[in-house]
Amino acid sequence: FAPSPTGSLHVGGARTALFNYLFARHNGGAFILRIEDTDRARFVEGSVKDHTEGLKWLGLDWDEGPDIGGDFAPYFQSQRLSLYHAAAAKLVARGNAYYCYCSPERLDSMRKDQMARKLPTGYDRACRSLTRDDCARHEAAGVKPVVRFKVPDEGRTGFTDAIYGDIVFENRSIDDFVMLKSDGFPTYHLANVVDDHAMQISHVIRAEEWLSSTPRHLLMYQAFGFEPPLYAHVPDVLGSDRRKLSKRHGDVALAMYREKGYLPETMFNFLSLLGWSLDDKTDLMTRSQVIDAFSLDRVSRTGGIFNVEKLDWMNGVYIRGLSLDDFTSRALPFLEQTLEPKPDPDYLKRVMPLVQERAKKLTEVPVLARFFFVEALDYDPKLLVAKNMTVESTLHALEVSARRLMSIPAFDEPSLESLLRPLAEELGLKAGQLFSVLRTAVTGEVATPPLFQTMVVLGQDRCLKRIGEAINNLRQTA
RNA sequence: GCCCCCAUCGUCUAGUGGCCUAGGACAUCGGCCUUUCAAGCCGGCAACAUGGAUUCGAAUUCCAUUGGGGGCACCA
């Protein structure tokens with residue numbers, strides 16, 4: 001996986017990294033991380049860290065990379081410039097590349113002219129025929145040249161992509177692209193080819209957007225006399241408008257999903273299925289199951305829309321599958337973001353089972369469990385009045401319940417059950433009506449975990465206090 | 001404009017000539033369960049872009065059309 005540190009790791013990149021990881025692990029190969037930091041203008045501080053942390057979060061551990069080294073270190077391209085310079089010089093010496101002194105302005109107007117005349121755009125190869133004297137004159141004038149690859153005018157270049165199959169390009173449709181920039185840094189094309197060869201890369205699994213520049217890379221391998229790797233281009237991850245997923249589609253940064261409370265195992269599973277499938281029925285898979293089953297020939301050729309609804313469902317499944325301790329420790333950071341002071345561990349342990357089966361994301365935990373932790377409830381007293389009830393009958397139900405609850409022999413589920421059900425009947429209410437009144441009084445919410453369990457966790461004192469407050473609130477509105 | 005790629009339910013997909021009156025999952029809509037919510041269970045709706053060709057037979061092969069995507073930088 002060879003990201004460019006120009007921003008944060010987004011889900012499309014994470015998916016590409018994942019496929020590389022899966023392919024390597026499935027085949028007993030090495031998963032290699034290389035930082036392609038050859039664009040000084042777009043370099044973003046912190047980007048490398050964001051990428052490595054994202055990959056680690058997903059559990060994609062690499063065998064060689066910038067932090068851990070490896071047989072072919074360094075893994076930052078910015079630290080390998082001499083390799084690229086030597087390679088470029090070699091191609092110039094062999095007549096496969098040449099210096100170009102064209103100014104950006106000339107290139108720009110050339111391109112505009114081509115567009116206007118509805119011609120294919122591309123470098124017009126003006127500097128191909130420069131003599132030694134021409135070059136010397138430009139150098140003397142202080143022009144820093146780029147090095148362009150001399151693409152053959154005839155013939156075609158093709159390859160067999162592991163996912164897309166046979167692909168062929170006419171060489172004449174490829175222009176003499178820049179290999180080495182005037183600032184001395186290589187372009188992607190040069191650096192990628194030089195390093196893939198130097199690092200003995202066997203398989204390149206990269207985004208579909210590279211498909212059309214693959215012939216350039218192949219042509220370079222030919223010129224160098226290197227054996228090219230096998231290529232597999234994976235289809236794009238799309239936004240809801242079927243365009244490549246980008247910032248305007250909402251959350252694209254992998255880190256955002258972590259912050260929103262998605263589990264790494266959810267993301268691993270979900271991303272695996274974005275463009276790859278095992279069969280016609282399997283969607284929930286563990287890491288090792290995916291590794292065992294993964295193969296490139298089951299990767300699809302069509303771009304897939306990132307379906308957040310399914311992600312949410314899957315995250316709920318994974319959350320429910322967590323042990324209580326695991327769930328608690330993962331939810332804790334999210335609770336502590338909104339809760340002051342930090343929740344008591346024993347109390348927490350009794351609350352968590354009640355929210356675990358209801359949360360689809362960890363960020364929902366503090367919301368779902370709020371009333372367990374705050375002192376004062378804040379809700380519209382009208383919500384206390386259950387269906388087909390009046391303020392009066394609600395008040396009455398609350399008052400009687402408070403009295404009985406005060407003298408209940410034990411504040412546990414069976415006792416509450418045997419007290420409250422008959423009480424409803426006694427009051428001429430349906431059980432659901434009384435429970436609804438008490439639920440709102442005790443939690444301030446209309447949808448909560450089961451009432452008796454909730455009350456037991458809250459405790460007798462707090463329940464009675466809240467029922468008392470409910471009575472006061474309701475009286476004031478009456 | 002030029003080059004390349006793609007095309008099955010709203011979404012992710014299964015399907016590589018007969019097993020397809022096209023299967024699964026998410027979403028959605030009913031129902032069951034139930035003190036609310038959630039979960040669970042049962043069921044419904046819902047797709048082979050279009051036109052030709054090949055074949056006894058095509059979602060599956062071929063060609064065109066249409067539509068979509070990507071590329072065409074001294075960015076990756």
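Convention: sequence-line order gives letters A, B, ...; per-chain numbering from 1. Just so we're clear, the structure is a prediction, and the values are computed from it rather than from any experiment.
Residue-level contact check: A/Ser182 touches the bases, meaning some heavy atom is under 4.0 Å from a base atom. A/Ser436 comes within 4.0 angstrom of nothing in the nucleic acid, heavy atoms only. Counting non-hydrogen atoms under 4.0 angstrom, A/Asn307 reaches a base of the nucleic acid. Within 4.0 Å of A/Arg117, counting heavy atoms only, lies no atom of the nucleic acid at all. Here A/Leu273 lies in heavy-atom contact (under 4.0 Å) with sugar-phosphate atoms only. Nucleic acid contact class of A/Arg298 (heavy atoms, under 4.0 Å, all strands): sugar-phosphate only. If you check every strand for non-hydrogen atoms under 4.0 Å, A/Pro186 touches sugar and phosphate atoms only. Residue contacts for A/Cys102: at a heavy-atom cut-off of 4.0 Å it reaches a base atom on one of the strands shown. Within 4.0 Å of A/Lys310, counting heavy atoms only, lies at least one base atom of the nucleic acid. The residue A/Gly275 sits close only to the backbone: its heavy atoms come under 4.0 Å of sugar-phosphate atoms, none of a base. Residue A/Tyr164 is classed as a sugar-phosphate contact, given heavy-atom separations below 4.0 Å to backbone atoms only. Note on A/Val146: a base of the nucleic acid sits closer than 4.0 angstrom, heavy atoms only. Here A/Arg439 lies in heavy-atom contact (under 4.0 Å) with a base.
None of A/Arg125, A/Arg216, A/Lys150, A/Arg148 except one satisfies the salt bridge (Lys or Arg N to Asp or Glu O under 4.0 Å) rule with A/Asp176; the exception is A/Arg125.
Under the 6.0 Å cut-off for aromatic ring centres, A/Phe306 and A/Phe270 qualify, their centroids lying closer than that. For A/His203 and A/Phe19, the distance between ring centers is not under 6.0 angstrom. Outside the 6.0 Å centre-distance limit, the rings of A/Tyr221 and A/His197 are not counted as a close aromatic pair. For A/Tyr98 and A/Phe149, the ring centers sit 6.0 Å or farther from each other.
Remark: the separation of the P atoms in B/A73 and B/A22 is 48 Å, to the nearest Å. Taking atom P on both nucleotides, B/C4 is separated from B/A39 by 49 Å, rounded to a whole Å. A gap of 26 Å separates the C1' atoms of B/G31 and B/A47, to the nearest Å. The separation of B/A49 from B/U11, taken at their P atoms, amounts to 13 Å, rounded to a whole angstrom. Taking atom C1' in both B/C37 and B/A25, one finds a spacing of 24 Å when rounded to whole Å. When the C1' atom is compared between B/G23 and B/U60, the two are found 15 Å apart, to the nearest whole Å. B/U50 and B/G40 have their C1' atoms separated by 44 Å, with the value rounded to a whole Å. Across B/C2 and B/U8, the matching P atoms stand 26 Å from one another, rounded to whole Å.
Between A/His233 and A/Tyr231, the closest side-chain pair of non-hydrogen atoms falls below 4.5 Å. Between A/His189 and A/Leu219, every side-chain heavy-atom pair lies at or beyond the 4.5 Å cut-off. For the pair A/Asp283/A/Trp313, a side-chain contact is recorded, criterion being any heavy-atom separation below 4.5 Å from C-beta on.
Using a 30° and 60° split on the angle between ring planes, A/Phe452 and A/Phe435 fall in the perpendicular class, above 60°.
Each of A/Lys144 and A/Ala431 was matched to the nucleotide of RNA chain B holding its nearest heavy atom; the match closer to the 5' end belongs to A/Ala431. Comparing A/Leu274 and A/Pro104 against RNA chain B, the residue whose closest nucleotide sits nearer the 5' end is A/Leu274.
For B/U35, there is no paired nucleotide, since no Watson-Crick or G-U wobble pair has both relevant distances below 3.5 Å. The pairing partner recorded for B/U16 is none, the criterion being a Watson-Crick or G-U wobble arrangement whose two distances lie under 3.5 angstrom. Figure legend. B/U61 is base-paired to B/A53; pairs are counted as Watson-Crick or G-U wobble with both atom distances under 3.5 Å. Of the nucleotides present, B/U11 is the one that pairs with B/A25 by Watson-Crick or G-U wobble criteria, both distances under 3.5 Å. Shown here, B/G30 forms a base pair with B/C42; the pair counts as Watson-Crick or G-U wobble because both key distances fall under 3.5 Å.
Counting 5' to 3', RNA chain B first comes under 4.0 angstrom of a heavy atom of chain A and last does so at the ends given by B/G1 to B/A76.
Among residues two or more places apart in sequence or in another chain, the side-chain hydrogen bond (donor to acceptor under 3.5 Å, both in side chains) test is passed with A/Arg80 by A/Asp195.
Remark: A/Glu36, A/Thr38, A/Asp39, A/Arg42 in residues 36-43 of chain A come within less than 4.0 Å of RNA chain B through at least one heavy atom.
At a threshold of 4.0 Å, the pair A/Arg128-A/Asp153 counts as salt-bridged, since one of the basic side-chain nitrogens sits closer than that to a carboxylate oxygen.
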